[in-house]
2 protein chains.
Amino acid sequence: MGRKVIDNPNVCSLVHAMNVIGNKWKPILIYLLANGSLRFGKLLMFTPTISKKVLTEQLRELEEDGIIIRKKYAEIPPRVEYSLSKKGKALLPILKSLSQWTQDSYNEIEFEACRIVTL
Amino acid sequence: MGRKVIDNPNVCSLVHAMNVIGNKWKPILIYLLANGSLRFGKLLMFTPTISKKVLTEQLRELEEDGIIIRKKYAEIPPRVEYSLSKKGKALLPILKSLSQWTQDSYNEIEFEACRIVTL
DNA sequence: CGGTATCCGATATGATACTG
DNA sequence: CAGTATCATATCGGATACCG
């Protein structure tokens with residue numbers, strides 16, 4: 001017997017959301033931008049162990065998906081500011097509730113300490 | 001200048017949440033279990049393109065993280081039922097809001113149709 | 001039925017050096 | 001400063017065969 005295949009808009013939309021935010025760095029980057037815009041160098045400084053290459057890729061994808069806005073100033077040396085779009089801001093309460101879910105559901109000892117930079 | 005490293009419980013908890021649900025299949029599996037328990041064979045049937053190996057791995061990890069409960073019956077042929085734990089159920093409204101976020105933020109044409117099986 | 005075991009390709013992430 | 005380019009590695013996901 002084959003497998004049933006049925007469209008489900010809710011599951012499909014969830015898959016899309018996970019494609020947009022569900023990887024190692026994107027939720028962190030969104031969180032870092034919650035309080036306002038940041039320059040490339042600051043984002044790099046605040047996310048230890050990320051490489052420039054990966055940071056660039058993640059920012060480009062978030063921009064393509066309409067989550068963040070990239071503003072480039074014609075100066076030398078160059079200055080680039082990243083900020084959350086409306087879509088990105090709409091994500092913040094959901095990420096907050098995910099964070100809260102962890103804090104409600106697990107003891108500190110159950111998940112290894114992670115050291116992420118913040119402002 | 002080095003990078004600042006500061007603990008942030010909120011970001012840390014978000015990272016943990018993404019570790020628990022942020023991959024290709026786990027949110028789908030949680031959604032599939034939203035309406036009650038399902039057997040291994042049913043989960044396999046309802047997630048086209050997943051392999052037995054990967055399904056087993058995902059279910060084991062969800063069990064380790066306390067999201068689902070695995071109940072094995074001593075019968076021949078064997079029967080195994082998977083269901084959501086309390087932690088898993090607490091995740092449902094959050095996944096729902098992520099799904100809703102996509103539907104509010106994107107046109108259908110902006111994300112490729114995905115065909116996921118449902119009941 | 002509900003898995004394991006083995007192999008393998010694809011993708012994600014990272015280190016480093018270089019550039020306009 | 002804000003990237004690219006290149007190379008290396010690790011993890012993820014998938015195909016297939018076999019097992020209790």
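Only a predicted model underlies this, so the values are computations on that prediction, with no experimental measurement involved. All chains are named by letter (A, B, ...) in the order of the sequence lines, taking the proteins before the strands, and each is independently numbered beginning at 1.
Taking only side-chain nitrogens and oxygens, A:R70 comes nearer than 4.0 Å to OP1 or OP2 of D:dG3. B:R39 has a side-chain polar atom (N or O) that falls below the 4.0 Å cut-off from OP1 or OP2 of C:dG2. The shortest distance between the side-chain N/O atoms of B:N23 and the OP1/OP2 oxygens of D:dG13 is below 4.0 Å. Phosphate proximity of D:dA2 to A:R60: absent, as no side-chain N or O sits under 4.0 Å from OP1 or OP2.
At a threshold of 4.0 angstrom between heavy atoms, the contacts of B:V54 include nucleobase atoms, whether or not backbone atoms are also involved. Among the protein residues, B:Q58 comes within range of the sugar-phosphate backbone only, with heavy atoms under 4.0 Å from sugar or phosphate atoms but none that close to a base. Contacts of B:K72 with the nucleic acid, taken as non-hydrogen atoms under 4.0 Å apart, are absent. The residue B:Y82 sits close only to the backbone: its heavy atoms come under 4.0 Å of sugar-phosphate atoms, none of a base.
Taking atom CD1 on A:I50 and atom C1' on D:dG3, their separation rounds to 14 Å, with Å as the unit. Counting to the nearest Å, the C1' atom of C:dG2 and the CD atom of B:E57 are 15 Å from each other. Straight-line distance from the CG atom of B:L43 to the C1' atom of C:dG3: 13 Å, rounded to whole Å. Distance B:K52 NZ to C:dT6 P: 17 Å, rounded to the nearest Å. Per the geometry, CD1 belonging to A:I21 stands 17 Å off C1' belonging to C:dA12, to the nearest Å. Between the C1' atom of C:dT13 and the CG atom of A:L44 lies a distance of 14 Å, rounded to the nearest Å. Here C:dA12 presents its P atom at 16 Å from CG of B:N19, a figure rounded to the nearest Å. For A:F40 and D:dG3, the CZ to P distance is 5 Å, given to the nearest whole Å.
In this structure, A:P78 and A:T56 both approach DNA chain D, and ranking their closest nucleotides by distance from the 5' end singles out A:P78.
Residue side chain B:K24 does not reach the base of D:dG13 through any donor-acceptor N/O pair under 3.5 Å, judged by distance alone. Under 3.5 Å, the side chain of A:K53 and the base of C:dT13 form at least one donor-acceptor pair of N or O atoms.
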Does B:K24 form a side chain to side chain contact (heavy atoms under 4.5 Å, CB included) with B:Q58? I'd like the steps, not just the answer.
CA-CA 10 Å; B:K24 182 168 179 180; B:Q58 304 299 291; over 6 Å; no
Run the side chain to side chain contact (heavy atoms under 4.5 Å, CB included) check on A:L14 and B:T102 step by step: do they pass?
CA-CA 7 Å; A:L14 178 58; B:T102 296; over 6 Å; no
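B:Q100 and A:N10 form no side-chain donor-acceptor contact under 3.5 Å, judged by distance and modelled atom types alone.
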Distance-only criterion, 3.5 Å: show the donor-acceptor pairs between side-chain atoms of residues 64-74 of chain A and protein atoms not counting sequence neighbours.
unit_1	atom_1	unit_2	atom_2	d
A:R70	NE	A:Y82	OH	3.3

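A cation-pi arrangement, defined by a distance under 6.0 Å to the six-membered ring centre and an angle within 45 degrees of its axis, is present between A:K87 and B:Y106.
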